[in-house]
Amino acid sequence: MRVATFNINGIKARAEALTSWLDEASPDVVVLQEIKSVDEGFPRDLFEDRGYTVETHGQKSFNGVAILSKLPLEDVTRGLPGDDADEQARWIEGTVIGDQGAVRVCGLYLPNGNPAPGPKYDYKLGWMERMRARAAELLAMEEPALMAGDYNIIPQAEDAAKPDAWREDALFLLSSRDAYRRILNLGFTEAFRTRHPEPGHYSFWDYQAGAWQRNNGIRIDHILMTPQCADLMTDTGIEKEVRGRDKPSDHVPVWVDLDL
DNA sequence: ATGGCGAGTGTGACTCGA
């Protein structure tokens, strides 16, 4: 079973790029971020025609997450627990039933947080505290589960082409990395870094200033797995070349293969 | 990490993103 995450930066603008990638890569499960659409406006036919079950958690203009699954998808929940007043659509969960067992899949779009300091940065750190609570619950179940998405966190200097340029940015501030580390250190395994310890792998290149052409990227899309899930991992990768296609997202897909 | 972009909203020029 292949599970991928992809921040598509707008489902309407990315219909062609996303469907052509799905047709070629054919992942079993994809979590999407920044669909930038209400649920009623999501072009679900595009994906149902390709055999995917579609579950969305959208809002007008911004944010919005979704799960596409070719395998049975059960017990879908929307929203990150812990703040009933939070109206930003950034979290969705579902249980995917594979041939050998099930995995709980959480799709997330973690707040950017800029400018820092400020209310947006406070929201980011508060959101990460709530995510840590949910992550602890997932670990306590002692079953295969993963949290995949756009974390808006550069975990270490080797995850940026120019780390010095990000020192004061909400994606790389020490307090941001601390908050990420507190979640990871509960007992999760980050899929990509376990298999690819060397620097120079990125999942985002800005549209501006020739960032793609200069390979001025950052690695901010991650898949964190519970121990029971990590035991099932057979491979993981980043689909870098997708960034060089027509009308691309500024992010590329990141995936993990599970023996399920 | 800005000279340089792009999407959404909604038709002007703004907000938002990373």
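Naming: A, B, ... by sequence-line order, numbering from 1 per chain. Only a predicted model underlies this, so the values are computations on that prediction, with no experimental measurement involved.
Using atom C1' as the reference point in both B:dA18 and B:dG4, the two lie 16 Å apart (nearest Å). The P atoms of B:dG10 and B:dC16 are separated by 14 Å, rounded to the nearest whole Å. Separation of the C1' atoms belonging to B:dA7 and B:dG12 is 16 Å when rounded to the nearest angstrom.
Taking the centre of each ring, A:His201 and A:Phe192 come in below the 6.0 Å mark. Proximity of the aromatic rings of A:Phe47 and A:Phe42 is defined here by a centroid distance below 6.0 angstrom, and this criterion is met. Checked against a 6.0 Å centroid threshold, the rings of A:Tyr207 and A:Trp212 do not count as neighbours.
Comparing A:Tyr207 and A:Ile35 by the nucleotide of DNA chain B that holds the closest heavy atom to each, the one mapping nearer the 5' end is A:Tyr207. Residue whose closest nucleotide on DNA chain B sits further toward the 5' end, between A:Lys120 and A:Arg214: A:Arg214.
Here A:Lys247 does not reach the OP1 or OP2 of B:dG6: none of its side-chain N or O atoms lies under 4.0 Å away. For B:dA18, one of the phosphate oxygens OP1 or OP2 lies less than 4.0 angstrom from a side-chain nitrogen or oxygen of A:Tyr109. Between A:Asn114 and B:dC16, a side-chain N or O to OP1/OP2 separation shorter than 4.0 Å is absent.
Looking at heavy-atom distances under 4.0 Å, A:Ala13 makes contact with sugar-phosphate atoms alone, never a base. At the heavy-atom level, A:Gly10 lies under 4.0 Å from the strands shown only through sugar-phosphate atoms. Nucleic acid contact for A:Asn152: sugar-phosphate only, since backbone atoms but no base atoms lie under 4.0 Å from a heavy atom of the residue. Among the protein residues, A:Asp150 comes within range of the sugar-phosphate backbone only, with heavy atoms under 4.0 Å from sugar or phosphate atoms but none that close to a base. Using a 4.0 Å heavy-atom criterion, one finds that A:Glu34 contacts the sugar-phosphate atoms exclusively.
Atoms CD1 (A:Ile11) and C1' (B:dG6) sit 16 Å apart, rounded to a whole Å. When rounded to the nearest whole Å, the span between CG of A:Asn9 and P of B:dG8 equals 7 Å. Nucleotide B:dG6 holds its C1' atom 17 Å from the CH2 atom of A:Trp212, rounded to whole Å. As a whole-Å value, the separation of A:Arg243 CZ from B:dC5 P is 12 Å. In this structure, the CG atom of A:Asn63 is 11 Å from the P atom of B:dC16, given to the nearest Å. Between A:Trp205 atom CH2 and B:dG6 atom P the separation is 16 Å, expressed in whole Å. Between A:Phe172 atom CZ and B:dG17 atom C1' the separation is 20 Å, expressed in whole Å. Here the P atom of nucleotide B:dC5 and the CZ atom of A:Phe204 are 14 Å apart, to the nearest Å.
For the pair A:Arg195 and A:Met233, the minimum side-chain heavy-atom distance is below 4.5 Å. Within the 4.5 Å cutoff, the side chain of A:Val254 has no heavy atoms near those of the A:Glu239 side chain.
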Can you give me the N/O atom pairs linking the protein to nucleotides 9-12 of chain B at distances under 3.5 Å, or say none if there are none?
none

For this session: Could you check A:Asn9 against A:Lys36 for side chain to side chain donor-acceptor pair (under 3.5 Å), going step by step and ending with a plain yes or no?
Result: CA-CA 7 Å; A:Asn9 188 18; A:Lys36 297 188 176 181; 2.9 Å; yes

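Taking the centre and axis of the six-membered ring of A:Phe172, the NZ or CZ atom of A:Arg177 falls inside the cone set by 45° and 6.0 Å.
The base of B:dA18 is paired with the side chain of A:Asn112 by a donor and an acceptor separated by under 3.5 Å.
Comparing B:dA18, B:dA7, B:dG4 by their nearest atom to the side chain of A:Ala209 picks out B:dG4.
Side-chain contact annotation: A:Lys70 with A:Ser26, donor-acceptor N/O pair under 3.5 Å present.
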